[in-house]
Amino acid sequence: MPRSVNHVASKARRKKILKLTRGYFGARKNVWTVAKNTWEKGLTYAFRDRKNKKRNFRALWIQRINAAARLEGMSYSKLMGALHKAGIEINRKVLADLAMNHPEAFKAIVTKAKAA
């Protein structure tokens, strides 16, 4: 007796992944094995880069805070130490936003930190 194979399910599974690889270059979009490998590798990159994105943004915020703090005559590390000492709990994301878009508010925070 011949082996029974569920072609409907296997074709649907392939079709689903080939649909996800539309727009890829060359054989990566239409050759099953190449497309599957590319798609799986893409998932790996996506997972890794969701973590790296957080790291990159934190580094960007620190650079922005440091640049603004130096305009006020302080370094980043001195500013963060002074903020901690003064009991001002403000995260780097908000602090960087203030430094970029509201320099007068950032200046007020720095003066308050210097006073403490």
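Quick caveat: nothing in here was measured; it's all calculated off a predicted structure.
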Derivation and outcome, side chain to side chain contact (heavy atoms under 4.5 Å, CB included), residues L79 and N66: CA-CA 9 Å; L79 173 65; N66 191 24; over 6 Å; no
Looking at side-chain heavy atoms only, is the closest gap between [X] and [Y] below 4.5 Å?
{"X": "N37", "Y": "K41", "value": "no"}
{"X": "L98", "Y": "I90", "value": "yes"}
{"X": "I17", "Y": "W32", "value": "yes"}
{"X": "V5", "Y": "R3", "value": "yes"}
{"X": "L95", "Y": "L83", "value": "yes"}

Under 6.0 Å from the ring centre and within 45 degrees of the ring axis: does the NZ or CZ of K51 meet both conditions for the six-membered ring of F47? yes
Atom [atom1] in [X], atom [atom2] in [Y]: separation rounded to 0.5 Å?
{"X": "M80", "Y": "I88", "atom1": "CE", "atom2": "CD1", "result": "10.5 Å"}
{"X": "Q63", "Y": "R92", "atom1": "CD", "atom2": "CZ", "result": "13.5 Å"}
{"X": "S77", "Y": "I65", "atom1": "OG", "atom2": "CD1", "result": "12.0 Å"}
{"X": "F57", "Y": "N52", "atom1": "CZ", "atom2": "CG", "result": "12.5 Å"}
{"X": "R58", "Y": "K93", "atom1": "CZ", "atom2": "NZ", "result": "13.5 Å"}
{"X": "W39", "Y": "K16", "atom1": "CH2", "atom2": "NZ", "result": "6.5 Å"}

Taking a hydrophobic cluster as the set of Ile, Leu, Val, Met, Phe, Trp and Tyr residues connected by side-chain heavy atoms closer than 4.5 Å, whether directly or through intermediates, do M100 and L60 fall within one such cluster? no
For atom CD of E40, decide whether the heavy atoms of other residues, nucleotides or ligands shown that lie under 6.0 angstrom number more than 12. yes
Please check if the number of heavy atoms outside R48 that lie under 6.0 Å from its CZ is greater than 12. yes
Determine whether the side chains of D97 and N101 contain a donor N or O and an acceptor N or O closer than 3.5 Å. yes
Is a donor from one side chain sitting under 3.5 angstrom from an acceptor on the other, for R64 and Y76? no
Closest non-hydrogen contact found for T38 with R28 is CG2-NH1, 3.3 Å
Any idea which heavy atoms bring L18 and A35 closest together, and the distance? CD2-CB, 3.7 Å
Please tabulate, one pair per line, all N/O donor-acceptor pairs under 3.5 Å involving side-chain atoms of residues 104-116, not counting sequence neighbours.
from, atom 1, to, atom 2, distance (Å)
T111, OG1, K107, O, 3.2
T111, OG1, A108, O, 2.7
K114, NZ, E72, O, 2.8

Output yes when a side-chain donor or acceptor of N91 lies under 3.5 Å from a complementary backbone atom of V94, and no otherwise. yes
